[in-house]
Structures are given as C-alpha cells and as structure tokens.
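Structure first, then comments.
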Amino acid sequence: MSIFHSGAAMAGDGASAGASGAAGAVGAVCAAGATSTVGATGIAAVADGASAGATGAAGAACASAAAGASATADADGAIRRDIAEGRTALGIELGSTRIKASLIDSRHAQIASGSHDWENRLEGGIWTYPLDEVWSGLQASFAALACDVRRRYGVELESAGAIGISAMMHGYLVFGADGRQLVPFRTWRNTTTERAAALLTETFRFNMPQRWSAAHLCQAMLDGEPHVSGVAYMTTLAGYVHWKLTGEKVIGIGDASGMFPIDSAASGYDARMLDAFDGLAAGLGAGAGLGAGRRLADILPKVLVAGDAAGRLTAEGAALLDPSGRFRPGAPLCPPEGDAGTGMVATNSVAERTGNVSAGTSIFAMFVLEKALSKVYPEIDMVTTPAGKPVAMAHCNNCTTDLDAWFRLFGEIAELFGARVGKPELYDALYNAALDGDPDCGGLLSYNYYSGEPVTKLEQGRPLLARLPDSRLTVANMARSLLFSAMATLKLGMAILTEKERVAIDRLYGHGGLFKTKGVGQRLMAAALGAPVAVMESAGEGGAWGIALLAAYLLNRRGGETLEAYLAGRVFAGAAGEGAGGGDSVAMPDGRDAAGFAAFMRRYEDGLAIERAAAEHLK
C-alpha cells in the first residue's frame with residue numbers, strides 16, 4: 001500500500017495563457033500558506049512545552065512527543081535529500097475526471113500530490129476534450145503538486161529523478177505532417193465505430209473493440225472523412241503528452257495494445273494484422289486510405305516496454321509542464337502508459353494468475369493469462385501488461401457517472417435545509433447507507449448508461465431509474481441500486497472468463513474512486529463477482545502512483561530485473577507501514593449480498609429492453 005507522508009504551435013494547441021493563469025492561481029494560494037514543515041513545528045512545540053521539571057504522565061507524554069517529532073524531522077530530512085538528489089519519481093495521469101500528479105520518494109512512498117478536475121464534453125455527438133484543456137489541467141495539477149512539496153517540506157520542486165505520463169487509453173488523436181491536430185480528440189467513450197470494429201474483428205480473427213484507435217481510423221476511412229489522407233501520426237492521449245514533453249513519438253506496450261493488436265513475443269504490433277489492415281484500406285479505393293504512400297505502421301508510435309528509456313524532458317517540455325520556469329529539463333521519462341497498465345502496477349497485478357478491477361468513470365477487470373483463450377469473444381479485449389504479457393480485459397464504458405449525478409442531487413437537497421456537506425462526507429454517508437439497504441435494492445432498477453455499452457450491444461445510453469409500484473424507494477436502496485448498477489455490466493463480461501474459460505481468480509485487487517469509501521464498494525464487488533476483493537491504501541489514487549512506480553523502475557532497475565520482480569521484491573514486499581508495500585484489506589463474498597445481487601441481475605437483464613427503448617425513443 002502507498003504511504004502518504006504528513007497542438008502544434010506546440011502542435012497548434014499548446015499551453016494557453018489561461019493554462020498559465022490556472023497554474024499561477026494555484027501557486028499564489030500556495031505562496032500565501034505557511035512553508036514551515038510539520039517536523040519543524042513539532043520540534044518547536046516540544047521545546048516550548050517540555051519543562052525541566054516535567055514528571056510522571058506529563059513527562060512521558062512530552063518524551064513521546066519529542067521522539068515523534070524527531071522521527072518526523074528525520075523522515076522529512078530524508079525526503080528533502082531525495083528531492084534534492086534526484087531520487088524521486090513523478091507520475092502524472094490524465095483520467096476521465098481528474099488529472100492527478102504523484103511524487104514518490106526512494107522508498108516508493110507518495111510524499112506529495114496534486115490534482116485538477118476536468119470533464120469531457122459532448123460536441124456534435126462526439127465525446128471529447130479540447131487539447132488546450134489538457135495543458136491547462138496538466139499545469140494546474142503540477143502546480144498543486146509543487147505547492148504541496150513547498151508546504152510540506154519547505155523546498156521548491158525543481159527536478160525529478162524520472163517522470164512518467166499515463167492517461168485514459170484508446171480513442172482517436174491524429175496529426176498532420178506539420179504536427180497540427182486534424183480533428184477533435186475522439187475519446188474511448190464514443191461508440192460510433194460499430195461497422196469498422198466488426199469488419200476488423202472478422203478480418204483479423206481478433207476482437208477489435210469500438211473504442212480502439214485502429215477502429216476509429218478504419219471508421220473514418222469507411223465514412224470517407226477527408227482528413228484521413230493527411231494523417232501522419234496517430235497516438236493516444238498519454239503518447240501525445242509524452243511527445244510534446246520529450247519530442248519522442250513512442251508509446252508503452254500496454255497503451256499500444258489499446259490502439260492495435262500486439263504480438264507479445266515480438267513486443268510490438270502484430271505484423272500479420274498490420275498487413276491485413278493495409279490490404280483492407282487499399283480495397284476501399286482511391287482517396288479512402290492514408291495519403292503519401294503511408295502504411296499503418298508509418299503513423300503509429302514506436303512500442304517500448306517497461307524499463308526502456310523513452311526520452312528526456314526538453315526545455316520546451318519543461319515550460320509546458322511548469323510555466324513558472326522553476327522545473328528544470330533533463331529528467332528521463334519512462335514509456336507513456338494507459339490507465340489499465342498503471343492500475344496493474346499499482347495493485348501488483350502484473351504476473352500470471354493476478355487480476356484487478358478498476359472502477360471510476362469506466363469499469364474494467366483484467367487478468368494476466370497463463371494460456372490463450374479458446375476463442376474470440378466480442379466482450380473480452382486482449383491487451384498487455386506494461387512488460388508485454390497478455391491480459392484478458394472485460395471493459396465497460398459506464399461506471400460511476402450516474403452515481404455521481406445522483407449523489408450531487410442528494411447534496412443539493414441537503415443544502416436546501418442549510419446543511420453544506422463536503423464531497424467526502426457525502427459519499428461516505430451514502431455509500432455506507434447502501435449497506436443498510438435491502439439485499440436486492442428493494443426492487444429498484446438502475447441503469448448507469450451515459451454512453452453506449454458494447455457488452456450489452458447498446459450504441460447509445462440513457463441513464464434510467466425504474467421501479468414497480470411496490471418497490472421500496474429509500475435512500476439506502478437507491479444508493480445500493482446505483483452501486484449495483486455500476487458493477488452489473490462488468491458481471492456480464494466477467495462470466496465469460498470465469499464460467500466459459502474457467503479463468504481462476506484467487507484474489508482481485510480493487511482501485512479507483514468506487515473503492516475510496518472504506519469497505520463498501522469492496523464488499524459489494526466481492527459479492528457481485530464471487531471472489532475475494534483486496535484494496536490497498538492507495539486505492540483511490542492508484543493510476544498516478546502506478547506510473548510513478550514505472551518511472552522509478554526506469555530509474556532504479558538492476559541489470560535484467562523484471563518488472564514483476566521489482567514490484568514484488570522492492571515495492572510490495574514490506575510489512576504494513578514499511579515503504580510502499582504492506583498488508584491489504586480483503587473482503588470475502590457475503591452470502592446475503594451475493595443473493596441480493598443475483599436477484600438484481602435477473603431484473604437487470606430482463607429490463608435491458610427498457611434501456612434499448614429509451615435509447616431509441618428518448619432523443
């Protein structure tokens with residue numbers, strides 16, 4: 001577990017003045033705060049409070065406080081040395097709703113963090129993020145991190161031993177030969193590539209999900225979009241940010257596996273399928289394919305595996321990250337990765353027979369396979385670990401967005417009565433209320449489909465709440481139904497792996513926002529999936545910490561040390577409270593919860609016709 005101490009003008013879409021302003025605002029707030037460290041304050045308090053004549057309980061308490069202050073001062077001193085001597089690793093992850101930054105020390109423990117909230121938007125029927133918001137958000141997140149360092153340790157963050165960038169996977173980010181973005185970013189959330197995904201699946205004899213980059217490119221070709229002939233580079237969001245920070249057009253193998261199928265033995269794109277894609281594009285006729293004689297391999301980023309050098313932070317990149325100019329160029333970067341890979345790393349789920357569940361805006365479960373699946377399943381994606389090992393993934397587009405909307409409504413109701421409840425307190429109260437609900441949610445039926453859901457073959461989504469006249473509409477049942485709905489589609493995909501393929505699940509590690517409230521999401525997930533679910537202390541911040549660990553692996557690996565060995569032996573080996581590794585909280589499936597979820601799922605599957613009708617008629 002993590003220990004938490006006390007476009008092409010630069011791509012025609014680079015950091016805007018507003019971005020610098022956002023970062024500057026954070027810096028101003030930080031500058032206004034106290035810069036003395038906890039350790040120094042503690043020592044001063046002890047010095048003032050401990051009189052020479054103190055005896056008995058007072059003396060013992062004073063001695064204990066002095067020892068604690070001394071330990072804190074020692075720990076802070078060691079952290080300052082790590083910062084000054086370049087033994088830290090910085091990880092930044094651009095998630096669906098937050099951009100998070102994590103700084104870890106030489107013991108792999110998080111010592112400072114920063115974040116910036118953002119949201120995708122639906123424009124012209126496409127879910128997207130403008131690239132100027134990528135940079136303003138990245139700068140604000142970094143500024144908040146630097147502020148946290150200054151506040152905690154009284155020093156400026158001017159460098160890092162290594163840096164890693166991760167982000168939501170998949171989607172469609174394409175650029176011309178001049179580096180300019182050709183069309184707005186089409187995120188993983190879009191389900192507009194059904195025809196292309198089916199065609200590629202049939203051609204490759206490999207499941208091609210709608211959200212993958214190759215499916216988006218193929219659909220653009222099928223639709224005759226004029227920009228296709230000008231595409232010179234296609235990458236992911238993490239690959240894009242990495243490119244701008246380093247000048248290197250590279251990508252981590254895990255993130256690459258969400259663009260195009262991977263040959264794990266060759267640690268690269270599958271050559272047979274690359275040829276098949278080019279043949280398919282040629283068959284579409286003149287003007288439909290890539291221009292300038294380009295083949296698909298020509299526009300994809302170079303694939304790297306964990307531990308490979310992936311460039312260094314340039315002066316231009318440092319200015320993009322930190323417009324204040326304090327952060328110096330030169331730090332090495334690890335290969336950019338996707339959020340699936342960083343989740344595997346953050347939960348030590350990179351070896352065979354390990355698995356994890358990531359639950360936030362989307363939800364997915366992944367298992368590192370011992371052997372290939374017996375057949376192609378449209379519900380199961382084949383991706384890889386950051387080291388290139390094959391992974392089976394059950395991915396669902398929708399998880400907590402609908403839950404968040406309802407919880408905001410409950411917060412607004414509280415405000416009508418003069419009660420202002422903070423978000424953590426609101427979520428903890430409603431999550432815990434769910435444990436008091438009827439096992440089957442009292443007959444309530446919730447669908448969390450903000451966007452389409454390929455697992456249930458829905459191209460568009462409509463969030464719904466349905467109930468019978470005699471259903472028990474209570475806050476507890478409502479909260480429970482929202483949590484069950486967040487897990488329901490994953491259960492359908494998981495059944496393929498556990499029942500048809502007999503994939504053994506010894507334990508699943510949970511991470512992401514669904515697991516932030518202690519014990520609740522974990523307990524209900526164990527009941528839903530019929531397997532023990534473990535949650536680490538870092539469950540809510542796993543992705544940024546995970547990419548920081550990959551940066552640390554680049555910095556610290558010894559000879560041929562594998563990622564699996566590094567994580568098991570140097571990150572997660574310690575007892576609780578020692579370094580970053582430690583004990584886990586484990587929830588076993590509860591029979592009453594499991595029976596209630598099974599009843600909910602019977603209604604859920606029967607009621608999918610309601611969701612389809614809503615998507616068709618509610619415009």
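Computation of the quantities below employed the complete heavy-atom set of this structure, encompassing side-chain atoms and omitting hydrogens, waters and symmetry-equivalent molecules.
Looking at heavy atoms from C-beta onward, Lys516 lies out of side-chain contact with His511 at the 4.5 angstrom threshold. In this structure the side chain of Trp118 reaches within 4.5 angstrom of the side chain of Leu94, judged on heavy atoms. When side chains are defined from C-beta on, Arg507 does not count as touching Thr354, because their heavy atoms never get closer than 4.5 Å. Proximity of Thr347 to Val535: side-chain heavy atoms (C-beta onward) are nowhere separated by under 4.5 Å.
For Asn190 (side chain) and Trp127 (main-chain N/O), a donor-acceptor pair under 3.5 Å exists by modelled atom type. Of the possible polar contacts, one joining the Ser471 side chain to the Gly443 backbone as a donor-acceptor pair under 3.5 Å is found. Ser485 places a side-chain N or O within 3.5 Å of a backbone atom of Ser446 that can act as its donor or acceptor partner. The main-chain N or O of Val533 is found under 3.5 Å from a side-chain atom of Gln522 such that the two form a donor-acceptor pair. Between the Arg80 side chain and the Tyr153 main chain, a donor and an acceptor come within less than 3.5 Å of each other. With hydrogens and angles disregarded, a donor-acceptor distance shorter than 3.5 Å links the side chain of Glu337 to the backbone of Gly254. In this structure, Asn477 contributes its side chain and Asp438 its backbone to a donor-acceptor pair below 3.5 Å. In terms of modelled atom types and a separation under 3.5 Å, the side chain of Ser141 and the main chain of Gly137 share no donor-acceptor contact. Remark: the backbone N or O of Thr236 is not paired with any side-chain donor or acceptor of His170 at under 3.5 angstrom. Within the 3.5 Å criterion, the main-chain N or O of Gly607 finds a donor-acceptor partner in the side chain of Tyr447.
A salt bridge is absent between Arg87 and Asp105: the closest approach of a Lys/Arg side-chain nitrogen to an acidic carboxylate oxygen does not fall below 4.0 angstrom. With respect to Arg603 and Asp606, no salt bridge is recorded, no charged nitrogen being found less than 4.0 Å from a carboxylate O. Using a cut-off of 4.0 Å between Lys/Arg side-chain N and Asp/Glu carboxylate O, Lys500 and Glu379 are scored as not salt-bridged.
Legend: residues meeting side-chain hydrogen bond (donor to acceptor under 3.5 Å, both in side chains) with Ser267, ordered by chain and number and at least two apart, are absent. In this structure Asp428 satisfies the side-chain hydrogen bond (donor to acceptor under 3.5 Å, both in side chains) test together with Thr517, sequence neighbours excluded. Applying the side-chain hydrogen bond (donor to acceptor under 3.5 Å, both in side chains) rule to Asn432 yields no partners; only residues at least two apart in sequence or on another chain are considered.
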Go through Arg558 and Arg570 one step at a time and tell me if the side chain to side chain contact (heavy atoms under 4.5 Å, CB included) criterion holds. CA-CA 11 Å; Arg558 299 167 183 153; Arg570 299 173 63 182; 3.5 Å; yes
Where do Tyr509 and Asn348 land on the side chain to side chain contact (heavy atoms under 4.5 Å, CB included) test, with the steps shown first? CA-CA 8 Å; Tyr509 281 90; Asn348 194 23; 6.0 Å; no
Are Asp381 and Asn207 close enough, and set up right, to give a side chain to side chain contact (heavy atoms under 4.5 Å, CB included), and what steps lead you there? CA-CA 6 Å; Asp381 307 347; Asn207 180 41; 3.4 Å; yes
Could you walk me through whether Asp440 and Arg480 pass salt bridge (Lys or Arg N to Asp or Glu O under 4.0 Å), step by step? CA-CA 8 Å; Asp440 69 344; Arg480 192 176 182 94; over 6 Å; no
Going through the distances and angles, do Asp593 and Arg523 end up as a salt bridge (Lys or Arg N to Asp or Glu O under 4.0 Å)? CA-CA 8 Å; Asp593 288 337; Arg523 170 179 152 180; 2.6 Å; yes
Side chain to side chain contact (heavy atoms under 4.5 Å, CB included) assessment of Lys518 paired with Tyr431: CA-CA 9 Å; Lys518 187 176 178 63; Tyr431 266 63; over 6 Å; no
Please evaluate residues Glu93 and Arg98 with respect to the criterion salt bridge (Lys or Arg N to Asp or Glu O under 4.0 Å), reporting the C-alpha separation (whole Å), side-chain torsions for both, the decisive distance (0.1 Å), and the verdict. CA-CA 8 Å; Glu93 179 160 285; Arg98 271 201 307 165; over 6 Å; no
Start with the C-alpha distance between Glu611 and Arg462, add both sets of side-chain angles, then the distance that settles salt bridge (Lys or Arg N to Asp or Glu O under 4.0 Å), and finish with yes or no. CA-CA 7 Å; Glu611 175 67 23; Arg462 299 291 185 271; over 6 Å; no
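With hydrogens and angles left out, the side-chain atoms of Ser102 and Gln110 include a donor and acceptor closer than 3.5 Å. With 3.5 Å as the limit, one finds no donor-acceptor pair spanning the side chains of Asn448 and Asn398. Donor-acceptor pairing under 3.5 Å is lacking for the side chains of Asp402 and Tyr449. Side-chain contact of Tyr553 with Arg557: a donor-acceptor pair under 3.5 Å is present, judged by distance alone. In the model, Asn397 has no side-chain atom that pairs as donor or acceptor with a side-chain atom of Ser362 under 3.5 Å. For the residue pair Tyr129 and Glu119, no side-chain donor N or O sits within less than 3.5 Å of a side-chain acceptor on the partner. Between the side chains of Asp82 and Ser106, at least one donor N or O lies within less than 3.5 Å of an accepting N or O.
Shortest non-hydrogen contact noted between Cys334 and Ile547 is SG-CD1, 3.9 Å. The two residues Ala528 and Met487 have their closest heavy-atom pair at CB-SD, 4.1 Å. Residues Ala394 and Leu490 share a closest heavy-atom pair of O-CD1, 3.4 Å. Smallest separation of non-hydrogen atoms from Trp545 and His108: NE1-O, 3.0 Å. Here the closest non-hydrogen pair linking Leu549 and Tyr566 is O-CE2, 4.5 Å. Annotation for Ile99 and Leu138: closest pair CD1-N, 3.8 Å, computed over non-hydrogen atoms.
Taking CG of Leu333 as the reference point, atom CD1 of Ile163 lies at 5.0 Å (rounded to 0.5 Å). Atoms NE2 and CG, on His116 and Leu145 in that order, are 15.0 Å from each other to the nearest 0.5 Å.
A ring pair (Phe, Tyr, Trp, His ring centres under 6.0 Å) with Tyr427 is found for exactly one of Trp406, Phe410, Phe407, namely Phe407.
Both tests do not hold together for Arg211 against Trp188: distance to the six-membered ring centre under 6.0 Å, angle to the ring axis within 45°.
Aromatic rings of Phe484 and Tyr604 (six-membered ring for Trp) have centroids beyond the 6.0 Å cut-off, not under it.
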